[in-house]
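See structure below.
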Amino acid sequence: MSDTTQHIYIYSESSWKENRHLFSDSLHSFFSGKKNESFVLASDNETSLLVGIGDSYTENNLTDIGQKFSYDYREKLSAKITFLHADILSSKEIESLLLGFYLGTYLYPFQATHPLWDTEFRWANIEQFDEKYSRIKAICKGQFICMDWLNKPANFKKAPQLSNFIQDKAQEYNFTLTTYNRKQCEELGLGAFLAVNQGSHQEAAFTILEYKSEAKDAPTIGLVGKCVLFDTGGISIKPATNLHYMKSDMGGATAVLGALIAAAEMKLPVNITAILPITDNAVSNNAYLPSDVITAYNGKTIEVIDTDAEGRMTLADGLSYLSKNYKTDYLIDLATLTGSAVRMFGTTCGALFSNDRSLQVQLEESGQKTGQRLWNLPLWEDWEDEIKSDVANLKNISLKPVGDCIVAATFLKHFINDHPKWAHLDIAAMCFGNVIYAKEKAATGYGVRLLIDFIEKL
Ligand code: BES
Ligand code: MG
Ligand code: ZN
């Protein structure tokens, strides 16, 4: 058994028609090369797995096909050198397929080892693939860390636990790490973030991570990730149904963390400053109240109409702090911000807002390429009326039940210090949803590949 060689054959429907004469006639009715089809041929000295990719494959659906195949065969494949027969694919397409094979090794809830993680592939034109291997593994590492943290139950991801983890990673990757607790946040005047944290049993952890590459004149990117560890809604409490999904309200932060780790693994020639304003949104007698007027880090006052619109409060200070204290070429925030974006796009894409046309297009293209899509929505002046307050500079929600994802983006625009290249990604339904590796909704890894593709092209 241990001497058998393992082969994977990739066929589209048309390439199968041309080549099926190489296989026994009796096989023809079992396999046709359709997308996600597979078939196993085993003999004493050889195991051959046929994988169908259909006729209309793209780079990004090859990743999905590879991922599904790898996950489905997790208990059957062996961790050994595997010969890949994929003559119909270009080297870029092979890279996408292999990314899928390795992404498909993610297991939940136990991180057991999947045989393909330790498998090396060989094929006819493999020369100079080493670099691509390490890229693929780096992306997987980042995405798996992102998924692991999002998938943790709420009682396993309290602020100190996440902070410890971040501290370890900062050491491992040589990130500069600064964390401000509640008292330090008070001294700094991070009032909007603290308003959300004040009802919490946990310390605040306003976290800043910096990755610096050795490259000269590297572009600088500021990233802010919404990191609400659990969103009860606060005093404007959420209904109980599906409340457990609100452990996923840190999906912006995990995407940022995953991308940062992948970028550092690959030593990408950029500088990144990432801010994660870590807190939960709790119900307690200390919690902030609807009608409270809060002073944010940039001095603007906010009337809190709804304590469940807490993400935009934490991001307001994250964005203000970053744009005031760091000079960046790009400022991008990612957040599981609104149910409005979920109702609009379901799980088909995230909602994108940007004040710079070229940044918008760059992000759209990276979304399309990686299958972690985005669709652009407007930041028209008209929406400003919705957040005018009688008692403060702004109110945190509109009183009309329309377009809350646009309202939220309009709100955030007041905290970017006129940064000329800002994008806001409302990714509420994208981070956590139906996945191949779990029965219930779980982490999708959304955002990591999107950000990495964007960064690689700068
Ligand atoms: N975390 C939620 C948004 C969300 C909804 C994320 C569904 C993932 C799935 C956010 O903090 C929130 O509660 N938003 C409110 C805003 C409302 C009070 C204006 C919402 O969308 O209902
Ligand atoms: Mg909320
Ligand atoms: Zn939230």
Side-chain angles (χ1 to χ4, degrees), residues 150-151 154 157 159 192-193 195-200 224-255 276-284 287-292 294 302-318 333-351 353 377 383 386-387 389 394-412 424-434 440-444 446-447:
L150 208 59
N151 279 331
K157 55 174 161 201
F193 167 62
V196 178
N197 179 256
Q198 79 185 35
S200 176
V224 181
K226 174 174 172 184
C227 198
V228 173
L229 301 169
F230 194 91
D231 183 9
T232 64
I235 297 296
S236 316
I237 196 166
K238 285 183 183 294
T241 311
N242 289 332
L243 193 50
H244 61 298
Y245 293 150
M246 281 303 126
K247 71 171 187 179
S248 71
D249 212 15
M250 58 186 310
T254 50
L276 313 179
I278 304 173
T279 182
D280 57 333
N281 186 24
V283 197
S284 84
Y288 75 142
L289 297 174
S291 89
D292 281 359
I294 306 295
I302 305 166
E303 180 186 10
V304 178
I305 305 291
D306 193 314
T307 63
D308 197 11
E310 85 298 340
R312 60 198 84 176
M313 304 289 292
T314 68
L315 289 178
D317 277 355
D333 72 79
L334 292 90
T336 50
L337 205 62
T338 68
S340 155
V342 181
R343 289 188 291 275
M344 179 127 46
F345 293 126
T347 55
T348 60
C349 67
F353 300 85
L377 291 175
W383 293 87
E386 306 306 323
I387 48 173
S389 161
L394 300 163
K395 58 180 189 264
N396 78 336
I397 63 163
S398 160
L399 295 176
K400 294 183 199 149
V402 288
D404 182 50
C405 62
I406 306 179
V407 172
T410 307
F411 176 90
L412 293 179
H424 159 59
L425 281 55
D426 187 341
I427 58 174
M430 303 308 292
C431 301
F432 203 74
N434 299 329
E440 249 275 23
K441 285 183 200 281
T444 61
Y446 182 92

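Since the structure is predicted, the reported quantities are computational estimates derived from the model, not experimental observations. Basis for what follows: all heavy atoms, side chains included, without hydrogens, waters or symmetry-related copies. We count ligands from 1, going down the list as the structure has it; atoms in each ligand are counted the same way.
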- Message: My understanding is that only one of Val228, Thr336, Leu150 makes a side-chain contact (heavy atoms from CB on, under 4.5 Å) with Met250; could you say which?
- Response: Leu150

- Query: Are any of the N or O atoms of Asp231 closer than 3.5 Å to those of ligand 1?
  - Reply: yes

- Shortest-distance N/O/S atom, Glu310 versus the Mg ion (ligand 2): OE1

- Item | Per-residue contact class, Val228 against ligand 1 - non-hydrogen pairs under 4.0 Å | neither

- Item | Geometric N/O contact Arg312 with ligand 1, under 3.5 angstrom | no

- Pairing of Asp249 and Lys226 as salt bridge, 4.0 angstrom limit: yes

- Note on the structure: Short version for Asp308: what comes under 4.0 Å of ligand 1, heavy atoms counted, is both

- Message: Hydrogens and angles aside, do Asp308 and Ser236 bring a side-chain donor and acceptor to less than 3.5 Å of each other?
- Response: no

- Message: Can you tell me which N/O/S atom of Asp249 has the shortest distance to the Zn ion (ligand 3)?
- Response: OD2

- Short side-chain to backbone donor-acceptor contact, Ser200 and Asp280, under 3.5 Å: no

- Does Lys226 put an N, O or S atom under 2.8 Å from the Zn ion (ligand 3)? yes

- Within the distance-only criterion (no hydrogens, no angle test), does the side chain of Thr232 pair as donor or acceptor with the backbone N or O of Asn281 below 3.5 angstrom? yes

- Message: Tell me the angle that OD2 of Asp231 and O of Asp308 form around the Mg ion (ligand 2), rounded to 10°.
- Response: 170°

- Query: Closer than 2.8 Å to the Zn ion (ligand 3), do we get an N, O or S atom from Asp231, backbone or side chain?
  - Reply: yes

- Which atom, among the N/O/S set of Glu310, is closest to the Zn ion (ligand 3)? OE2

- Would you mind telling me if ligand 1 is within reach of the side chain of Arg343, the backbone, both or neither, using heavy atoms under 4.0 Å? neither

- Please work out which of Ala335, Gly339, Gly252 has its closest non-hydrogen atom nearest to atom 21 (O) of ligand 1. Gly339

- Out of curiosity, Asp404 CG to Asp426 CG, how far, rounded to the nearest 0.5 Å? 8.5 Å

- In this structure, atom 7 (C) of ligand 1 is nearest to the protein heavy atom Met246 CE, 3.7 Å

- Asp306-ligand 1 polar pair, N/O distance under 3.5 Å: no

